[in-house]
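First comes the structure, then the notes that go with it.
The basis for the numbers below is simple: all heavy atoms, side chains too, and nothing from hydrogens, waters or symmetry mates. Note that the structure is a prediction, hence the values are computed from the model and not measured. For ligands, and for the atoms within them, numbers begin at 1 and follow the listed sequence.
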Amino acid sequence: MLVPMRTRQKILLRALEGKVCAPPPIWLMRQAGRYLPEYRALRGRAGDFLSLCLTSELAVEATLQPIRRFGFDAAILFSDILVVPHGLGQRVWFEEGAGPRLEPIRACAQLDDLSLDAMAEALAPVYESVRCLRADLPQEVALIGFAGAPWTVASYMIEGATSRDFATAKAWAYGAPEDFERLIALLVEATSRHLIAQIEAGAEVVQLFDSWAGVWPERALRRWCLAPTSRIVRRLKAAYPQVPVIVFPRGAGVLYEAYARESGADALSLDTTVPLDWARERLQGRVCLQGNLDPLTIVAGGAAMRDEAAAILDALGRGPFVFNLGHGITPEAPPEHVGALIEQVLAWRP
Ligand code: CP3
């Protein structure tokens, strides 16, 4: 069934139900962020990044900025995947220009210092932001909540920062899998609770970001990424079967097919490297697809952006589809190029 343009009322929800929408809904990963001058001004007022995430009034404002400027079909809560380790009691901070920093967990005994009990209270401002957003957003715009998937969050908890090779985290997983499983199990529980709290506060869709799924061989990816993700999806579906779940196993390659068959997700967010015809043939019959424009084409703009976006629309737009990027937008992206991209997507017809 084709949903026509004039019913763009929460069109993201229609696509995630498996309907073909022409033109498709559009939102962009990291649509609130440093490429927007109004975000940089807000960030300057907040001081540090974690305070921005944990001060509802500011997080709501950051969420709304790209909606006001561009009128995306969905707003994604402004927060970060690392609020979960913060909520569990790990020390998390963001260094200017250096990205996230955490007091690294290097031994199983340190897991005893983490606690689920205080998390709901520590993250109460996040849920308050969701409640305010549901009240403040234009009613046609859907609200997305999110969390990091257990492996990606664990990698930051163990490495203490973004890593090039994940040597410490992988050595732990290979060398002491029962200990590593304890951390993953804790994160399955924490992440499920965090997403359920967002749904109860008003999130209409949730997305799980597994940004570093692509560093594992098959068996480990199934154990440390697909299985914990599937456990979370089952938990969410048991509590809120009607709330769609989008999973982003970045770099999973041909194992995207295992996610389509086994994860229980309603939609898969494709990274930039996933071939379009393969995705249509192997995945789109089972799940809605989201993606996967290379964010760097937005920096370039012009024909490079236009041709890539057109190829994606032509390959995936005739099935259940949400236009998005293959990873987060970068700080160098000119906002005018984002405006041109939205116009192109809204002008597309099958
Ligand atoms: O999409 C959105 O607009 C919602 C907000 C959002 C942020 N982070 C805000 C943010 C979301 C969904 C995230 C997810 C996130 N955070 C992921 C998964 C997606 C991905 O990009 O792979 C990861 C791995 C993180 C951890 C994280 N947070 C890193 C590695 C960094 C530093 C990198 C960078 O861009 O500076 C952050 C900081 C961060 N999170 C910023 C924003 C807007 C920039 C902070 C700033 O203002 O200085």
Quiz item: side-chain hydrogen bond (donor to acceptor under 3.5 Å, both in side chains) with E262: which residues, sequence neighbours excluded?
Solution: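 Expected list: R222.
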
- Message: Under a 3.5 Å threshold, yes or no: a donor from one side chain and an acceptor from the other, between D294 and T297?
- Response: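 Their side chains do not contain a donor-acceptor pair, so the 3.5 Å distance test is not met.
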
Does E181 reach the side chain of W224, with side-chain heavy atoms less than 4.5 Å apart?
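Heavy-atom side-chain distance check passes, below 4.5 Å.
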
- Flag side-chain contact, heavy atom, 4.5 Å: F248 against M29: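 They are in side-chain contact.
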
Report, one line per pair, each donor and acceptor closer than 3.5 Å where one atom sits in a side chain of residues 328-342; sequence neighbours left out.
{"unit_1": "T330", "atom_1": "OG1", "unit_2": "E332", "atom_2": "OE1", "d": "3.4"}
{"unit_1": "H337", "atom_1": "ND1", "unit_2": "I298", "atom_2": "O", "d": "2.8"}

Partner set under salt bridge (charged side-chain N to carboxylate O under 4.0 Å, His left out) for E61, not counting sequence neighbours: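 Once residues adjacent in sequence are excluded, the partners of E61 under the salt bridge (charged side-chain N to carboxylate O under 4.0 Å, His left out) criterion are R68.
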
Quick check on ligand 1: any N or O pairs to the protein under 3.5 Å? One line per pair.
{"unit_1": "ligand 1", "atom_1": "1 (O)", "unit_2": "R30", "atom_2": "N", "d": "2.6"}
{"unit_1": "ligand 1", "atom_1": "3 (O)", "unit_2": "Q31", "atom_2": "N", "d": "3.2"}
{"unit_1": "ligand 1", "atom_1": "3 (O)", "unit_2": "A32", "atom_2": "N", "d": "3.2"}
{"unit_1": "ligand 1", "atom_1": "8 (N)", "unit_2": "R30", "atom_2": "NE", "d": "3.1"}
{"unit_1": "ligand 1", "atom_1": "8 (N)", "unit_2": "D80", "atom_2": "OD1", "d": "3.1"}
{"unit_1": "ligand 1", "atom_1": "16 (N)", "unit_2": "D80", "atom_2": "OD1", "d": "3.0"}
{"unit_1": "ligand 1", "atom_1": "21 (O)", "unit_2": "H327", "atom_2": "NE2", "d": "3.1"}
{"unit_1": "ligand 1", "atom_1": "22 (O)", "unit_2": "S211", "atom_2": "OG", "d": "2.5"}
{"unit_1": "ligand 1", "atom_1": "22 (O)", "unit_2": "H327", "atom_2": "NE2", "d": "2.7"}
{"unit_1": "ligand 1", "atom_1": "28 (N)", "unit_2": "D80", "atom_2": "OD1", "d": "2.7"}
{"unit_1": "ligand 1", "atom_1": "35 (O)", "unit_2": "R30", "atom_2": "NH1", "d": "3.0"}
{"unit_1": "ligand 1", "atom_1": "35 (O)", "unit_2": "R34", "atom_2": "NH2", "d": "2.5"}
{"unit_1": "ligand 1", "atom_1": "36 (O)", "unit_2": "R34", "atom_2": "NH1", "d": "3.3"}
{"unit_1": "ligand 1", "atom_1": "36 (O)", "unit_2": "R34", "atom_2": "NH2", "d": "2.6"}
{"unit_1": "ligand 1", "atom_1": "40 (N)", "unit_2": "D80", "atom_2": "OD1", "d": "2.8"}
{"unit_1": "ligand 1", "atom_1": "47 (O)", "unit_2": "Y39", "atom_2": "OH", "d": "2.5"}
{"unit_1": "ligand 1", "atom_1": "47 (O)", "unit_2": "R43", "atom_2": "NE", "d": "2.6"}
{"unit_1": "ligand 1", "atom_1": "48 (O)", "unit_2": "R43", "atom_2": "NE", "d": "3.1"}
{"unit_1": "ligand 1", "atom_1": "48 (O)", "unit_2": "R43", "atom_2": "NH2", "d": "3.0"}

